[in-house]
Amino acid sequence: RPTGVTRVTAILKSKPFIAFAIIAALLGLYALLGFKVAPGIVRDQATGFVRENYGRELQVGEVRVQPFKLQLEVRDLALPDTDARTMLGFARLFVDFELSSLWERAFVFKDVTLEAPVARAVVRPDGSLNLAVIERQAEHMVKSQVGTVFVGGTSGENSSRTVEERLRPSVTSPSES
């Protein structure tokens with residue numbers, strides 16, 4: 001007749017228990033990487049990209065990643081202009097990715113929320129606009145072969161636009177809004 005220790009040993013050596021332990025360990029590792037490691041990677045990649053491509057120090061507040069919900073939240077981001085004043089920024093960016101992003105091989109968003117955006121446009125003495133860095137970002141995306149981004153919903157005015165208007169890039173001045 002098996003003893004309690006023998007029974008526990010048999011359970012620990014059983015294939016279902018080993019499979020369960022491996023799955024639990026992988027889920028734990030995924031959670032650790034998503035909740036604790038990913039926010040630092042997002043921050044480091046963003047600040048490094050801005051430093052390398054624009055020669056400026058990006059200021060980033062809290063970065064939160066919800067790996068099981070495929071959500072990203074960034075708070076208090078500020079891209080300084082050459083005079084150190086905020087050129088572009090926001091209080092909060094929330095991105096909710098669709099699971100289909102994994103097999104579509106493109107970012108598919110369920111929701112994108114941008115709160116308190118800041119854009120300080122300045123025409124410099126030479127006639128250039130300080131927001132010209134946006135053009136360099138677009139060139140980088142083209143060079144990196146970013147082909148498609150799907151946005152399933154926003155919290156802005158996009159819902160009032162026609163499909164044709166949504167597909168067409170547009171720039172509006174404050175007097176037009």
Side-chain angles (χ1 to χ4, degrees), residues 30-102 104 106-124 129-142 144 146-177:
Y30 179 74
L32 175 70
L33 293 174
F35 286 114
K36 298 295 182 186
V37 177
I41 292 172
V42 169
R43 178 187 310 281
D44 292 347
Q45 289 293 310
T47 56
F49 178 83
V50 169
R51 186 180 304 115
E52 182 181 317
N53 290 283
Y54 304 110
R56 299 182 187 159
E57 288 301 316
L58 183 67
Q59 299 163 7
V60 183
E62 182 182 15
V63 177
R64 292 180 37 196
V65 174
Q66 296 287 337
F68 295 106
K69 294 181 177 180
L70 299 179
Q71 295 173 341
L72 169 70
E73 181 178 34
V74 179
R75 291 189 173 272
D76 304 318
L77 183 132
L79 175 65
D81 202 347
T82 53
D83 63 3
R85 292 174 57 195
T86 299
M87 177 177 65
L88 294 172
F90 52 80
R92 177 179 177 259
L93 170 68
F94 174 77
V95 181
D96 189 357
F97 293 91
E98 288 280 357
L99 186 60
S100 64
S101 294
L102 300 175
E104 291 286 343
F107 294 128
V108 181
F109 304 112
K110 181 178 181 182
D111 186 33
V112 176
T113 303
L114 183 63
E115 294 176 5
V118 173
R120 187 176 140 261
V122 176
V123 178
R124 297 202 169 106
L129 187 63
N130 68 332
L131 298 177
V133 297
I134 295 171
E135 184 176 341
R136 291 200 321 230
Q137 176 64 30
E139 290 169 359
H140 172 76
M141 291 177 76
V142 169
S144 299
V146 174
T148 308
V149 175
F150 297 104
V151 178
T154 66
S155 61
E157 64 192 31
N158 202 39
S159 61
S160 65
R161 298 171 67 202
T162 66
V163 171
E164 182 180 301
E165 290 170 329
R166 291 180 200 169
L167 294 174
R168 182 180 58 227
S170 64
V171 177
T172 59
S173 67
S175 62
E176 294 176 32
S177 20

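Just so we're clear, the structure is a prediction, and the values are computed from it rather than from any experiment.
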Engineer: Can you find a heavy atom in the side chain of Gln66 that is under 4.5 Å from one in the side chain of Phe35?
Structural biologist: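 Side chain of Gln66 against side chain of Phe35, heavy atoms only: contact under 4.5 Å found.
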Engineer: Taking the side chain as every heavy atom from C-beta outward, state whether Val95 and Leu70 have any atom pair closer than 4.5 Å.
Structural biologist: no
Engineer: Against Val50, only a single residue in Arg56, Glu57, Gln59 fulfils side-chain contact (heavy atoms from CB on, under 4.5 Å); can you say which?
Structural biologist: Arg56
Engineer: Is there a donor-acceptor pair closer than 3.5 Å between any side-chain N or O of Ser101 and the backbone N or O of Val108?
Structural biologist: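 Present.
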Engineer: Restricting to non-hydrogen atoms, name the atom on Gly34 and the atom on Pro39 that form the minimum distance, rounded to 0.1 Å.
Structural biologist: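 In terms of heavy atoms, the two residues are closest at O-CD, 3.4 Å.
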Engineer: Locate the shortest heavy-atom distance separating Phe90 from Val74; write the atom from each residue and the value.
Structural biologist: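 Looking at all heavy atoms of both residues, the shortest contact is CE1-O, 3.5 Å.
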Engineer: Got a second to check how far Glu62's CD is from Arg92's CZ, nearest 0.5 Å?
Structural biologist: 10.5 Å
Engineer: Measure from the side-chain N and O atoms of Asp83 to the backbone N and O of Arg85, and report whether any donor-acceptor pair falls under 3.5 Å.
Structural biologist: yes
Engineer: Could you state the interatomic distance from CZ (Arg64) to CZ (Arg75), rounded to the nearest 0.5 Å?
Structural biologist: 7.0 Å
Engineer: Any sub-3.5 Å donor-acceptor pair from Arg43's side-chain atoms to Gly61's backbone N or O?
Structural biologist: yes
Engineer: From Leu79 CG over to Arg120 CZ, what is the distance, rounded to the nearest 0.5 angstrom?
Structural biologist: 11.0 Å
Engineer: Looking at Thr113, Val112, Asp111, which one forms a side-chain contact (heavy atoms from CB on, under 4.5 Å) with Asp96?
Structural biologist: Asp111
Engineer: Over 60° means perpendicular and under 30° means parallel, so tell me whether Phe109 and Phe97 are parallel, tilted or perpendicular.
Structural biologist: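 Phe109 vs Phe97 ring planes: tilted.
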Engineer: Give the intermediate values and the outcome of side-chain contact (heavy atoms from CB on, under 4.5 Å) for residues Leu72 and Val63.
Structural biologist: CA-CA 8 Å; Leu72 169 70; Val63 177; 4.1 Å; yes
Engineer: Which heavy atom of Leu58 sits nearest to which heavy atom of Ala78, and what is that distance?
Structural biologist: CD1-O, 3.4 Å
Engineer: Would you say that Leu77 contacts Leu93 through its side chain, given a criterion of any heavy-atom pair below 4.5 Å between the two side chains?
Structural biologist: no
Engineer: Do Lys36 and Val65 come within less than 4.5 Å of each other through their side chains, counting heavy atoms only?
Structural biologist: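 Counting from C-beta outward, Lys36 and Val65 never come under 4.5 Å.
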Engineer: Taking the side chain as every heavy atom from C-beta outward, state whether Glu104 and Glu98 have any pair of such atoms under 4.5 Å apart.
Structural biologist: no
